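Residue numbers begin at 1 in each chain, while the letters A, B, ... track the order of the sequences. Since the model is a prediction, treat every value here as computed from it, not as a measurement.
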Number of protein chains: 4
Amino acid sequence: MPRADRKPANPKRAAPRRAAAAPRPDDPRAPADPATSGRTHAERRDEAERRLLAAAVRIVADRGIEGMTLTEVGEAAGYSRGLPAHYFGRKHDLVAAVASYIADGFATRLARTSDRPPGMASLLYSVASYLDRAAPDDAAPTRALMIALAEALTEPVLAEAMSGVTQRSVGRLRAMIRQGIERGEIRRDVDPHAQAVIILGTLRTTIAHWVIDPEHVDLATLRDCYVSSLQRSLAA
Amino acid sequence: MPRADRKPANPKRAAPRRAAAAPRPDDPRAPADPATSGRTHAERRDEAERRLLAAAVRIVADRGIEGMTLTEVGEAAGYSRGLPAHYFGRKHDLVAAVASYIADGFATRLARTSDRPPGMASLLYSVASYLDRAAPDDAAPTRALMIALAEALTEPVLAEAMSGVTQRSVGRLRAMIRQGIERGEIRRDVDPHAQAVIILGTLRTTIAHWVIDPEHVDLATLRDCYVSSLQRSLAA
Amino acid sequence: MPRADRKPANPKRAAPRRAAAAPRPDDPRAPADPATSGRTHAERRDEAERRLLAAAVRIVADRGIEGMTLTEVGEAAGYSRGLPAHYFGRKHDLVAAVASYIADGFATRLARTSDRPPGMASLLYSVASYLDRAAPDDAAPTRALMIALAEALTEPVLAEAMSGVTQRSVGRLRAMIRQGIERGEIRRDVDPHAQAVIILGTLRTTIAHWVIDPEHVDLATLRDCYVSSLQRSLAA
Amino acid sequence: MPRADRKPANPKRAAPRRAAAAPRPDDPRAPADPATSGRTHAERRDEAERRLLAAAVRIVADRGIEGMTLTEVGEAAGYSRGLPAHYFGRKHDLVAAVASYIADGFATRLARTSDRPPGMASLLYSVASYLDRAAPDDAAPTRALMIALAEALTEPVLAEAMSGVTQRSVGRLRAMIRQGIERGEIRRDVDPHAQAVIILGTLRTTIAHWVIDPEHVDLATLRDCYVSSLQRSLAA
DNA sequence: AATGAATGAGACTTCATTCAT
DNA sequence: TATGAATGAAGTCTCATTCAT
């Protein structure tokens, strides 16, 4: 006689299902009213998609792209195993969406958002605030970016997205360097593009260093140190 | 580099697979006579192990750690698919061995091998040649190191092995910076360790950037740019 | 060199395997309509689970626990080879489920289900009907129990389940013996527990004997023989 | 550069090798002089074979036939992985040899070794001492026999060897029963063969029960209980 | 006589993917 | 919209087995 109460042994299947009430405010920009009822299909779809992506980012930050399974993403987002596939189709496409989602979060990070004058001042300010913004309470997005950059070496779909965010970042730095040269603040023999690549590389490596070993790395000190180094090396 | 010869034509070949024609001189110091007969157990074992590791490195350079399968490693080395497991047991242990193997290949990369005077000159020379050596004919070792460093973020066994190379490399840079300070070439307020960590990271990140996107990055320009930046920012 | 794009496992996936023709009525109480369509998820799941367990019991009866493979269980039940793992996770857990399934089928075999008076009469009746019920058309369940009991010696998960069914059986026999003693039908110097263990052992060995060599063993004769022996040896 | 000190990850390979000095007096009947030197090839071969078999029995007692690997047998006996295959060829043949070896150890267990008079007294004495001898300091041989008997249900090569012990044991019991009948101690309507089969089976099943679940079974009580039951049920 | 290198079959297990509900 | 049942490919790992030393 079959046992009525048997459950599949897979422990993951025991994970919470659905949780329509208030799944989890995964996304910092969570909507004010996450209640299921009283919302249009489009709204629900959008929210589900956002939650799935946010869950995916957290998982990527933990275990990398290969370590992320569709089942896990669905359940971590408070939905069923099947939903990620339902929305994104192939895993490949989910990975692409995750990569864009991660990149978007950093897209404007080097944009000049202050009232600093263009050129050297903007550059130094952007560099400083890039490092400042890396250390919020939740390191997951930063960690996810680092991992996505790393795994772009072997995963073409990531390479594409990461190449995009890299080029935008390099472009912003390059523009500031050019302005600095035009304004006579920065040496004329500096190659704006190459210098921008090096600055971005230094920023990323500093953050990666902190992501790996936050205990022993003091971002504020490194920030000050780098800003003054940069000033010294670029000054006309 | 993709392999040319996939499998022996005759699938039911009972004879040992090791082709007498010296399948591939994986090891630069390949033995003169790789024929099967006339060698001791220990010799055969050592050679097989070396070949397996060399094959694994090539595959890691192509597809990353997760993309490397035991079957592929065995066959790429000219043996059976079972041999890697037979030697290394778990894939985990093969990965550890591969990581050490990769790390060993770069152990002396930042050692001062020139006749430059110690201190600033050595430092700048080492930095320049690190970037120069990244792009030889066979980029596989460099690629493999970059990938191993990247995947160390999510794979603890790699993290351990990579930590070794990193510490050795940081140590060498740190020593040069200290000498530069002692000789009065480098500012006294530079923290040798922190600066060494940042320099190494920047070198690596930049190379990774180039690996992913060689179109937009010219290593020679970067090298000159970085050397002069460093010189100015560190100079006493 | 960028990786060749990974391709979907099988682009032209063959149609689902579940034959609509009701592959095999594995379960004696097979459902009237095993067709795939028109059933809820829960129903399909339950039926699949029942079929898998029934198939597993048959295979265990044939080849023992070690000889049972997940692939075989899946296909013998009319499903894919992947389903057992999908439901039960590890083979270990399937084995545990099979052991419970087998034990459950025999759990009540020694319960007094007749209108015989308690004590000696019930005991003799239970013993007789235990042997009678062992010889239906399909010896697989009995054979599976014997094998599970045997392999419990080396497989802890079986030992647990078998220990359970054994203790229940011993408990029932012991209760009847106690009643017989209280009613003055059975000698006062009989140790109810030890005697119950011996009776169960004799029953099982008799059945095992028949399972192994049904041609030369006449269960009806052995039954009569043992019932009268028992009566003689226990009578007050 | 390949690491010279690498060992295969398989932990079993780290087990002691060879140990020519005085490996282990596995066999109680070990030769007086186990020294390697000064012995003929035949002697060394015999000893190696005996050691291998003794090691195999210990392993079977622990993990069963399927759980026994050739490598483990060789190393547990103090030799190399390859020796069992070298001597016995296929695993199948080693199993057969092990089965015979086990059976031989129990060949005389039911022989009347006392001065009891033939017939009923011998029968009861043999039964009692069979149970007594089951629980010596080293239960491995008993365990191994039980396991071999159990796995004979699914492993033909075992069935054959076990059939030998069984027939000898049944024969001895049958002879005692016949003598009892001739001497007028045992009822004439007892079938000597069937009764002997049932007695032997009950002895074995009971011991197996005790092996699995020693907590709930007291062999001494069982022995007394069974002896007096037998006496009453067989008495003329 | 004895060792151990190497092979290859076959098991378990995970998971992306498809499809019915 | 969302769930989850079911498939099947691909990978890891274990070992019996063969064969050179």
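Residues C:Met68 and C:Lys91 come closest through the heavy atom pair O-NZ, 2.8 Å. The minimum heavy-atom distance between C:Gly64 and D:Thr154, with the atom names listed, is N-CG2, 3.5 Å.
Following rounding to the nearest Å, B:Asp46 (CG) and E:dG4 (P) show an atom-to-atom distance of 14 Å. Rounded to an integer number of Å, the gap from A:Leu52 CG to F:dA2 C1' is 11 Å. One can place NE2 of A:His86 at 14 Å from P of E:dA20, the figure rounded to the nearest angstrom. One interatomic measurement links the two molecules: CD of D:Glu75 to P of F:dT14, which rounds to 14 Å at whole-angstrom precision. Straight-line distance from the CG atom of A:Asp93 to the C1' atom of E:dT17: 12 Å, rounded to whole Å. Across the protein-nucleic acid pair, B:Arg45 atom CZ and E:dG4 atom P stand 10 Å apart, rounded to whole Å. Atom-to-atom, OH of C:Tyr79 to C1' of F:dA5 comes out at 10 Å; the value is rounded to the nearest Å. Computed from coordinates, the B:Leu70 CG to F:dT14 C1' distance equals 12 Å when rounded to whole Å.
Of the candidates F:dT12, E:dA2, E:dC12, the closest approach to any side-chain atom of D:Leu83 belongs to E:dA2. Checking E:dA2, E:dT13, E:dT17 against every side-chain atom of C:Ala85, the shortest atom distance belongs to E:dT13.
Side-chain N or O atoms of A:Glu151 include none that pairs as donor or acceptor with a backbone N or O of A:Leu158 at under 3.5 Å.
Where B:Met68 and C:Gly82 each meet DNA chain F at their nearest nucleotide, the meeting point lying more 5' is that of C:Gly82. Nearest-nucleotide positions on DNA chain E for C:Thr71 and B:Ala48 put B:Ala48 closer to the 5' end. For the pair B:His92 and D:Gly89, both in contact range of DNA chain F, the more 5′-proximal nearest nucleotide belongs to B:His92.
Contact between the side-chain N/O atoms of D:Arg90 and the OP1/OP2 oxygens of F:dA16 is not found at any separation under 4.0 Å. For the OP1/OP2 pair of F:dT1 and a distance below 4.0 Å, the side-chain nitrogens and oxygens of A:Tyr87 include no atom meeting the criterion. For the pair C:Arg44 and F:dA5, the criterion of a side-chain N or O lying under 4.0 Å from OP1 or OP2 is not met. The phosphate of F:dA5 has OP1 or OP2 within less than 4.0 Å of a side-chain N or O from A:Arg81.
Within the 4.5 Å cutoff, the side chain of C:Val98 has heavy atoms near those of the C:Leu94 side chain. Between D:Leu83 and D:His86, the closest side-chain pair of non-hydrogen atoms falls below 4.5 Å.
In terms of the side chain to side chain contact (heavy atoms under 4.5 Å, CB included) criterion, residue partners of B:Ala85 (sequence neighbours excluded) are, by chain and number, B:Leu70. Looking at residues two or more places apart in sequence or on another chain, you find a side chain to side chain contact (heavy atoms under 4.5 Å, CB included) between D:Glu49 and D:Arg45, D:Tyr87, D:Phe88.
A donor N or O paired with an acceptor N or O is not found under 3.5 Å between the base of E:dA5 and the side-chain atoms of B:His41.
The CD1 atom of C:Ile147 lies 8.0 Å from the CG atom of C:Asp62; values are rounded to the nearest 0.5 Å.
When heavy atoms are screened at a 4.0 angstrom cut-off, A:Phe88 is found touching no nucleic acid atom at all.
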Study note, to complete from the structure: Symbol by symbol from the 5' end, with Watson-Crick or G-U pairs under 3.5 Å, [ ] crossing and | another strand, DNA chain F is .||||||||||||||||||||
